[in-house]
Amino acid sequence: MEYLLHILVIAGIYIILTLSLNLIVGFTGLPSLGHAAFYCIGAYTSSLLALRLGVSPWLGMWAGALLAAASGLIIGYPSVRLKGDYLALATFGMGVIVYSIAKNWVSLTRGPLGLPGIPGFSVFGYQLSSPWMYIPLVYVFVLLTLIVIHRITSSPFGRVLKAIREDETAAQSLGKNTSRYKLLSFMVGAFFAGIAGSLYAHYITFIDPSSFTVMESITVLLMVIFGGMGSISGSIVGAVILVVIPELLRFVGLPSSIAAPMRQMLYGLLLVLLMLKRPQGLMGTYRFK
Amino acid sequence: MMEGKALLSVRDLTKTFGGLMAVNCVSFDIEKGTITALIGPNGAGKTTVINIISGLLRATGGKVVFKGRDITNLPPYRISHLGIARTFQNIRVFPQMTVLENMLVATKYRKGETLLYSVIPDRDVKVEDEQNLKKALHYLEFVGLMDKKDEFAGNLSHGQRRLLELARALATDADLLLLDEPTAGVTPRTRKKLLQLFTRLKNSGKTIMIIEHNMKVVRAVSDRVIVLSNGQKIFDGPPDKAFKDSRVIEAYLGTKWRYM
Ligand SMILES: Nc1ncnc2c1ncn2[C@@H]1O[C@H](COP(=O)(O)OP(=O)(O)OP(=O)(O)O)[C@@H](O)[C@H]1O
Ligand SMILES: [Mg+2]
């Protein structure tokens with residue numbers, strides 16, 4: 001039971017990550033291969049603030065989200081002018097850089113040793129410590145992300161994002177400052193990834209760089225594509241399915257030494273099947289051009 | 001001031017691509033409320049001129065003045081805000097958005113398109129939304145695409161896309177429309193309809209510059225013709241004179257003779 005609840009918490013965190021990446025990739029059409037960087041920044045910022053300065057996770061989380069958004073601005077500013085594949089490479093580079101910093105700035109992050117003993121969230125002085133206590137917390141933030149992303153994408157602002165995805169040149173000549181829109185989309189996505197990172201860190205209580213590799217970015221991207229680019233319900237479905245399926249492997253009794261590598265293979269297999277049978281994703285309508 | 005009267009003044013406009021001189025010292029003025037045809041053989045530099053005026057390409061030299069303001073090399077969105085809209089030779093509608101959404105993207109929002117007010121509900125945004133919806137529907141009605149408003153733009157026929165592009169340009173409230181081959185590849189019926197629309201727009205005070213290969217269309221709608229050849233302006237005057245001008249005939253000879 002405890003284990004099931006744990007899966008549910010993790011699924012919630014991935015829903016936030018997937019929704020936030022979908023805003024960038026699915027709605028705005030910006031290829032991003034570095035989403036784990038923002039997740040990492042959120043996680044490390046609020047963990048370090050808590051461990052070094054005793055800052056409450058409630059505050060640290062916003063600091064992490066804002067710092068993630070600010071990094072989105074810094075890396076996005078020069079990058080949003082790049083087209084397609086080049087932008088993908090730039091975001092990939094960003095993922096590598098942030099991972100390397102987490103791994104090599106040992107005096108700050110303890111490098112590969114990671115940060116143990118991260119305090120959990122507390123409510124009215126009571127420290128949350130088990131999965132069932134984290135479920136309401138995490139799902140409040142899932143709901144918040146859902147509402148914000150839904151509002152953004154169904155607003156005139158979101159319509160411009162979609163227009164950029166469809167044809168940036170046309171959007172420009174219709175009076176839209178597309179670089180600005182792309183940058184904002186990138187920053188909002190980064191912000192929510194930062195929140196997800198903080199939730200993860202204070203829930204798990206231990207982080208190390210290995211949770212924030214490029215493979216992690218790819219996994220979240222798979223969730224977006226799996227559920228459907230530009231589909232909000234798709235992001236929820238995509239995240240939940242891709243979190244739960246590998247756990248089923250363990251459930252049927254495979255030892256984790258086999259289950260772990262199987263997970264990546266399974267993702268690959270699912271993706272190939274999906275692209276053959278339903279390229280727009282489970283819930284999506286939008287197709288690659 | 002000589003630029004005082006013209007809505008648009010182009011002076012010594014030059015564009016090179018590597019060694020190629022696509023536009024070579026081209027100057028012209030466009031008066032308000034007129035239709036000017038920009039013609040010339042393939043590769044003459046017509047599209048390049050429009051790309052520079054609309055800000056999609058940077059000029060190598062020369063300047064563009066609109067409503068008395070130097071707009072040379074401003075970003076496209078600023079040029080659009082000042083009142084210039086364009087359509088594209090190779091149609092650029094937003095295929096996976098509905099016809100109505102295509103129109104709404106073109107309308108102006110002060111608040112509704114800001115990030116903050118996309119999240120926070122606001123009365124002003126509601127008002128903007130209603131006004132823009134009205135405008136979008138008005139121009140859809142104008143081009144006769146009302147019954148297609150909920151269709152994906154990608155599902156429209158070629159001619160319907162041309163109409164949508166025109167309607168979308170109008171929804172920006174532009175005073176000057178730069179139309180790049182708006183009747184290319186459309187059926188005779190749609191062509192006739194487009195011609196009527198151009199005339200109606202002119203009568204309502206809009207200014208149009210149209211790139212066109214079909215000389216019947218040029219004769220039917222334009223007040224004035226500018227002919228480009230190899231990046232240079234070789235003629236500028238009334239349509240009936242254009243087709244008698246020896247330099248124009250020479251430019252078209254052999255290559256595009258059939259258009260005459
Ligand atoms: N982006 C570009 N890079 C390099 N060369 C270009 C570019 N755009 C146009 N050219 C070249 O500049 C010249 C003028 O092209 P342009 O598209 O303006 O011609 P056009 O008069 O519109 O012709 P058409 O009637 O075929 O549309 C051509 O030789 C073309 O190959
Ligand atoms: Mg052309």
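Below, chain A is the first sequence line, B the second, and so on; all start at residue 1.
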Look up atom [atom1] in [X] and atom [atom2] in [Y], then write down how far apart they are to the nearest 0.5 Å.
X	Y	atom1	atom2	value
A:Q172	B:Y77	CD	OH	10.0 Å
B:E113	A:L161	CD	CG	10.0 Å
B:T107	A:R159	OG1	CZ	6.0 Å
A:K162	B:E101	NZ	CD	5.0 Å

What part of [X] is in contact with chain A, defined as an atom under 4.5 angstrom from a non-hydrogen atom: side chain, backbone, both or neither?
X	answer
B:L104	both
B:T87	neither
B:I79	neither
B:D129	side chain
B:R168	both
B:T172	side chain

*Between the main-chain N or O of A:F157 and the side-chain N or O of B:Y109, is there a donor-acceptor pair closer than 3.5 Å?*
no
*Is it the case that more than 12 heavy atoms not belonging to A:H150 sit under 6.0 Å from its NE2 atom?*
no
*Is atom CZ of A:F92 surrounded by more than 12 heavy atoms (other residues, nucleotides or ligands) closer than 6.0 Å?*
no
*Identify the heavy atoms of A:S173 and B:F88 that sit nearest to each other, and give their distance.*
OG-CZ, 3.4 Å
*asked:* To check you understand the geometry: which heavy-atom pair defines the closest contact between B:R92 and A:T169, and what is its length?
replied: NH1-CB, 3.4 Å
